[in-house]
Every structure is written in structure tokens, then in C-alpha cells.
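What follows is a set of notes on a single structure, which appears directly below.
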Amino acid sequence: MNDCVFCKIIAGEIPSKKLYEDELCLAFYDIAPLAPQHFLVIPKEHLTGANRINEENAAVVGHIFAVITKLTAVLGFSDGYRVVTNCGDDAGQTVKHLHFHVLGGKQLGSFN
Ligand code: AMP
Ligand code: ZN
């Protein structure tokens, strides 16, 4: 049984504010936004995190970044944004399905 919340969003079993979808990925607004603009992009393939990206499946990551370029332009904040992926417990990853946060719409603070 797959109890992954993001797989359930892909399957339509959990509602989401969908921004974009194609055969490889899905983009939707984060339920708890940390910036005026905050959406997530996920591969449809269930990879638990960035540490599962390898030579065989890495193409989807480039595709996701191309989708991010288009979506930030459509949403009007292509001049500046941050893309973040948390990997594993030490990074505070709470949903174990690879996802890229896209944050923008304000001056983002330094995180280091
Ligand atoms: P992370 O801490 O990097 O694993 O981020 C997980 C993100 O998923 C958090 O920013 C949550 O607010 C977001 N999230 C969790 N459940 C949902 C949901 N059902 N719809 C949209 N975003 C969600
Ligand atoms: Zn999943």
C-alpha cells in the first residue's frame, strides 16, 4: 500500500490547487506557504528524495526545472525566486516524495 500523500495528490485522492500537470510531473500550491508565491513541483514517479536521483532517472529533474522556468514567468516572478529540495531528516524533509519548493514574490532571506 502506498500511503504517500503526494502520490495521493497525483492520483486525485487528495485535493490540491493544481498549477500544471504533464506526463512526468505535477505542480501545485503548497498548503502552508512560506512566501507570497510558494508552489511545489514533483515527479510522478515516486522517488523518496534527492538522494534517489541517479543517471537513469535524472532527466525528470531537468524537465522539472524547465517547467519551473515557464511557471514563474506565467505567475510573474521569473526575475527572482528560490528552488529548494529538502533531503532526509537532517534537512527537515517531511514528505518522503521528491519535491522542489519554488519560493518567490518577496525578498527572500539568507538561509546560511
Ligand atoms: P518538506 O518539509 O520539504 O518535506 O516539504 C513538504 C511540504 O509539503 C511542506 O511545505 C508542506 O506544507 C507541503 N504539503 C504537505 N501536504 C500538502 C498538501 N496536501 N498539499 C500541498 N502541500 C502540502
Ligand atoms: Zn509518492
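As the structure lists them, so they are numbered: ligands from 1, and atoms in each ligand from 1.
The ring pair (Phe, Tyr, Trp, His ring centres under 6.0 Å) search around H97 returns H46, not counting sequence neighbours. Checked against ring pair (Phe, Tyr, Trp, His ring centres under 6.0 Å), Y81 has no partners two or more places apart in sequence or in another chain. For H63, there are no ring pair (Phe, Tyr, Trp, His ring centres under 6.0 Å) partners at least two apart in sequence or on another chain.
Between Y29 and F39, the two ring planes are perpendicular [angle over 60°; tilted spans 30° to 60°].
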- Item | Worked check of ring pair (Phe, Tyr, Trp, His ring centres under 6.0 Å) between F28 and Y20 | CA-CA 7 Å; F28 55 98; Y20 174 83; over 10 Å; no

- Candidate pair I42 and L98, rule side-chain contact (heavy atoms from CB on, under 4.5 Å), full reasoning: CA-CA 6 Å; I42 64 175; L98 176 63; over 6 Å; no

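Under a 4.0 Å criterion applied to the non-hydrogen atoms of Q93, ligand 1 contributes the atoms 4 (O). Close approach of ligand 1 to Y29 is summarised as follows: ligand atoms under 4.0 Å from at least one heavy atom of the residue are 21 (C). Of all the atoms in ligand 1, the ones that sit under 4.0 Å from a non-hydrogen atom of N86 are 1 (P), 2 (O), 3 (O). Residue G92 has at least one heavy-atom neighbour below 4.0 Å for each of these atoms of ligand 1: 2 (O). Close contacts of ligand 1 with T94, meaning ligand atoms under 4.0 Å from a residue heavy atom, involve 1 (P), 2 (O), 4 (O), 5 (O), 6 (C). Of all atoms in ligand 1, numbered sequentially from 1 with element shown, those under 4.0 Å from a heavy atom of A32 are 12 (O). Numbered from 1 in the order shown, with element, the atoms of ligand 1 that lie under 4.0 Å from a heavy atom of I9 read 18 (C), 19 (N), 20 (N).
Here the side chain of E13 pairs no donor or acceptor atom with the backbone of K8 at under 3.5 angstrom. Side chain of K44 to backbone of D22: a donor-acceptor contact under 3.5 angstrom is found. Checking side-chain atoms of S78 against main-chain N and O of V74 turns up no donor-acceptor pair under 3.5 Å.
F77 places a side-chain heavy atom less than 4.5 Å from the side chain of V102.
Closest protein heavy atom to atom 12 (O) of ligand 1: D30 OD1, 2.6 Å. At the top of the distance list for atom 14 (N) of ligand 1, counting protein heavy atoms only, stands I31 CG2, 3.8 Å.
Of the N or O atoms in H99, one or more lie within a sub-3.5 Å distance of an N or O in ligand 1. Residue F6 has no N or O atom closer than 3.5 Å to an N or O atom of ligand 1. The distance criterion of under 3.5 Å between nitrogen or oxygen atoms is met by H101 with respect to ligand 1.
Ligand 1 lies within reach of L40, whose nearest heavy atom is under 4.0 Å from it.
Cluster annotation: L103 is not connected to L75 through the hydrophobic network of ILVMFWY side chains, with a link wherever side-chain heavy atoms come within less than 4.5 Å.
Each of K17, H38, Q37, H99 was compared with D30 under the side-chain contact (heavy atoms from CB on, under 4.5 Å) criterion, and only H38 meets it.
Here 4 is the count of protein N, O or S atoms positioned under 2.8 Å from the Zn ion (ligand 2), waters not counted.
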